[in-house]
2 protein chains.
Amino acid sequence: MEYFYYQNLLTQDAQLNKGECSVQRLKVNIAYDGTGFAGFQVQVKKRTIQLEIEKALEKIHRQPVRIFASGRTDSGVHARSQFIHFDTELELSEQNWENALRTTFPDDITVKNVEKVSSDFHARKNARDKTYRYFIRNTSAIDIFMRNFEWHVPQKLDIQKMKEAALQIEGTHDFTPFSASKSNVKGDKTRTVHHIQLFEEDGRLMVEVKGNGFLTHMVRIIVGTLVDIGLGKKDLDCIEKAFQSKDRRLLGRTSPGKGLFLWEVTY
Amino acid sequence: MEYFYYQNLLTQDAQLNKGECSVQRLKVNIAYDGTGFAGFQVQVKKRTIQLEIEKALEKIHRQPVRIFASGRTDSGVHARSQFIHFDTELELSEQNWENALRTTFPDDITVKNVEKVSSDFHARKNARDKTYRYFIRNTSAIDIFMRNFEWHVPQKLDIQKMKEAALQIEGTHDFTPFSASKSNVKGDKTRTVHHIQLFEEDGRLMVEVKGNGFLTHMVRIIVGTLVDIGLGKKDLDCIEKAFQSKDRRLLGRTSPGKGLFLWEVTY
């Protein structure tokens with residue numbers, strides 16, 4: 001399998017070297033288990049998703065290739081659906097690209113789809129909306145098989161109050177208090193959250209947040225604040241006060257990364 | 001938390017040293033994610049479930065404690081419900097034992113329940129029936145979040161044929177051909193398989209096997225044989241022939257350990 005793809009790529013390479021060099025932009029839909037990564041973005045001496053993908057692409061192209069994602073994800077955060085783009089001079093069909101990437105990506109990153117796109121497509125700039133899902137285990141015992149994919153909150157939660165809080169966060173606001181202090185987003189921090197929905201089943205609580213853009217830690221602070229309100233540690237009106245004062249400290253904790261999934265990106 | 005339990009245990013210990021030494025047998029229901037283990041049984045220089053539990057118990061008792069399980073599980077095999085027993089001189093309530101074990105067990109082993117039992121209880125000898133479940137992902141793409149808990153079989157399976165094969169394996173037989181050649185079970189290899197049921201949903205196939213006892217690799221060879229029959233690599237009559245000749249080679253492959261869960265043990 002692996003041998004075949006490399007042979008294939010070598011042939012392509014040889015043809016390319018003969019002259020007609022054309023660059024093709026690829027839009028790639030990936031998924032990853034964030035457990036073994038220090039987040040998306042390349043960092044010195046850390047295993048990151050960007051690093052592993054760029055290593056795989058360098059193996060295929062025999063030269064460095066830079067990728068661009070719809071956005072970064074934090075350490076431990078997963079992606080059910082993330083998009084990246086990169087440019088290539090290799091001439092493979094979409095299906096062969098899918099197979100080549102599957103063969104070279106590590107075990108905890110997978111490729112769902114490859115699409116040839118025009119050179120003005122940009123994975124981050126063209127992203128319209130993003131949906132995140134956050135999973136909370138709200139029973140006394142953890143589910144050991146889900147321990148890297150859920151935040152365990154054993155205490156009783158007032159779900160009704162959390163739903164009321166969610167309604168107050170929805171809409172267009174300056175989300176400064178809902179962003180990490182270390183956030184390096186400059187300029188306007190106004191974002192629109194289309195909806196925050198809570199679903200409960202068998203002691204598992206899922207929070208879905210859909211919006212047109214997200215600041216660093218924004219979903220994790222939203223979920224942490226909802227949980228702290230559900231536990232009675234914070235009052236409902238902390239949200240209104242935080243929007244007014246822009247004071248991060250009025251809100252709840254930042255929930256752990258491991259419960260968070262980038263679920264969908266629409267273009 | 002951890003401090004509290006150790007203090008508590010020290011006090012208990014002190015009381016015990018004053019005289020009245022009584023031994024209590026504990027029946028402990030545990031679960032584990034088998035991904036990071038070289039199976040249940042202690043092996044030189046390998047991380048096993050028995051080793052990690054005995055290390056935790058030695059920490060609590062400040063002397064070695066031997067455990068006994070309902071049975072071993074292979075490398076990569078999980079347990080949703082496994083039982084062990086051990087003897088202790090520490091006098092803690094069942095609830096405090098649960099907490100103490102939760103605090104000292106590693107991340108990938110969890111305690112579900114602790115019960116004080118009489119000294120003639122034996123986790124293996126008293127086990128009546130065992131139920132295993134095996135999960136197969138039967139779609140072209142893997143589910144990356146389930147990759148350690150499912151066997152990926154992308155080709156089309158003839159489920160109806162697999163169900164017919166399952167019926168032929170059910171019942172009381174000499175299961176010699178369904179056991180690993182390295183199996184160290186001596187003596188009679190007659191076992192009763194109460195049922196083998198197949199459930200299919202959303203491209204995920206689950207095989208449930210319930211019986212009164214299992215030989216080394218028995219469930220994995222049953223599942224591997226069903227899959228090879230479902231793929232058309234083996235004929236239905238290979239089962240009858242294998243029972244007659246006791247020849248392991250007539251059956252299908254041994255399926256990977258990672259798809260297998262010890263699901264239930266009844267006493």
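Just so we're on the same page: letters track the sequence lines, and every chain starts at 1.
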Visitor: How many angstroms lie between atom CD1 of A:Ile142 and atom CG of B:Asp107, to the nearest 0.5 angstrom?
Guide: 7.0 Å
Visitor: Can you tell which part of B:Phe145 gets under 4.5 Å to a heavy atom of chain A, answering side chain, backbone, both or neither?
Guide: both
Visitor: Counting neighbours of NZ on B:Lys116 that are heavy atoms of other residues, nucleotides or ligands and sit closer than 6.0 Å, is the number greater than 12?
Guide: yes
Visitor: Sequence neighbours left out, cut at 3.5 Å: what donor-acceptor pairs do the side chains of residues 256-264 of chain B make with other protein atoms?
Guide:
unit_1, atom_1, unit_2, atom_2, d
B:Lys258, NZ, B:Arg147, O, 2.9

Visitor: Among A:Val111, A:Ile109, A:Asp33, A:Asn148, which residue has the highest count of heavy-atom pairs closer than 4.5 Å to chain B?
Guide: A:Asp33
Visitor: Quick check on A:Asp108 against chain B: is it the side chain, the backbone, both or neither that has a heavy atom closer than 4.5 Å?
Guide: both
